[in-house]
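Structure, as structure tokens:
Values below: every heavy atom of this structure, side chains too, minus hydrogens, waters and symmetry copies. In the text below, chain A, chain B and the rest are named by the order of the sequence lines, each starting its count at 1.
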Amino acid sequence: EAGVAQSPRYKIIEKRQSVAFWCNPISGHATLYWYQQILGQGPKLLIQFQNNGVVDDSQLPKDRFSAERLKGVDSTLKIQPAKLEDSAVYLCASSPLGGELFFGEGSRLTVL
Amino acid sequence: DQQVKQNSPSLSVQEGRISILNCDYTNSMFDYFLWYKKYPAEGPTFLISISSIKDKNEDGRFTVFLNKSAKHLSLHIVPSQPGDSAVYFCAASTHSGYALNFGKGTSLLVTP
């Protein structure tokens, strides 16, 4: 069974530029999550989707971050404009209803 | 506001001995607890979980203990192996399948 796919693995941008990350969850998983992991900290939830609807986006900085999950499958997370403090690993995870989370390898963002 | 706390950033154990990783939580609504293991440049992988109706769950070399009155859980690995060297994250949610709140992680080093 294929795991959660994320791209790109690494991205370096300058502050005020924009960036987008893509996630393809495990087939059949209804729930998709985006987490932000800053160096030395645990993953922090940014947004949770159930199919193509948003369940929780209370910790998403909506002035600069946006996410969508078209057709309830793939998802994209966008940052515009990026700030220095957005440097982190962005982790996508998916789960079947009521099950454990399966994580992708993450997308490492460096903002200069 | 860190609801899941791992107060030991690192732990070093000799091969063959027991590793004990600790985790405390503050939210009494949490009723599902998990441990994830993370190697460098990879996403976290699920290790073991426990629901609040139990006080112990065992899977091979890994055992998780839950003390609800103390809001404390621990992961025991016995015997420890060099391949167990990784960062271990404690996580909790209010229901199975809901978004996870993570601790900052404990880096375990198992020496030969």
Taking a hydrophobic cluster as the set of Ile, Leu, Val, Met, Phe, Trp and Tyr residues connected by side-chain heavy atoms closer than 4.5 Å, whether directly or through intermediates, do F65(A) and F49(A) fall within one such cluster? yes
Given the rule that I, L, V, M, F, W and Y join up when any side-chain heavy atoms are under 4.5 Å apart, are I50(B) and L34(B) in one cluster? no
Atom OG of S93(B) and atom CG of L45(A): how far apart are they, to the nearest 0.5 Å? 11.5 Å
In this structure, are over 12 heavy atoms from other groups packed under 6.0 Å from R64(A) atom CZ? yes
If I measure from the heavy atoms of chain B, does R9(A) come under 4.5 Å with its side chain, its backbone, both, or neither? side chain
Say whether Y33(A) and I47(A) are linked into one hydrophobic cluster, either directly or through other cluster members, by side-chain heavy-atom distances under 4.5 angstrom. no
Can you tell me which portion of A41(B) sits under 4.5 Å from chain A's heavy atoms? Options are side chain, backbone, both or neither. both
Return the CD to CG distance between E42(B) and L91(A), rounded to the nearest 0.5 Å. 12.0 Å
Heavy-atom contact with chain B under 4.5 Å, split by part of Q37(A): side chain
Is it the case that more than 12 heavy atoms not belonging to K62(A) sit under 6.0 Å from its NZ atom? yes
Please check this pair: side chain of Y35(A) against backbone of L100(B), looking for a donor-acceptor N/O pair closer than 3.5 Å. yes
Around atom CG of L112(A), are there more than 12 heavy atoms of other residues, nucleotides or ligands at under 6.0 Å? yes
Looking at F103(A) versus Y36(B), is the centre-to-centre ring distance below 6.0 Å? yes
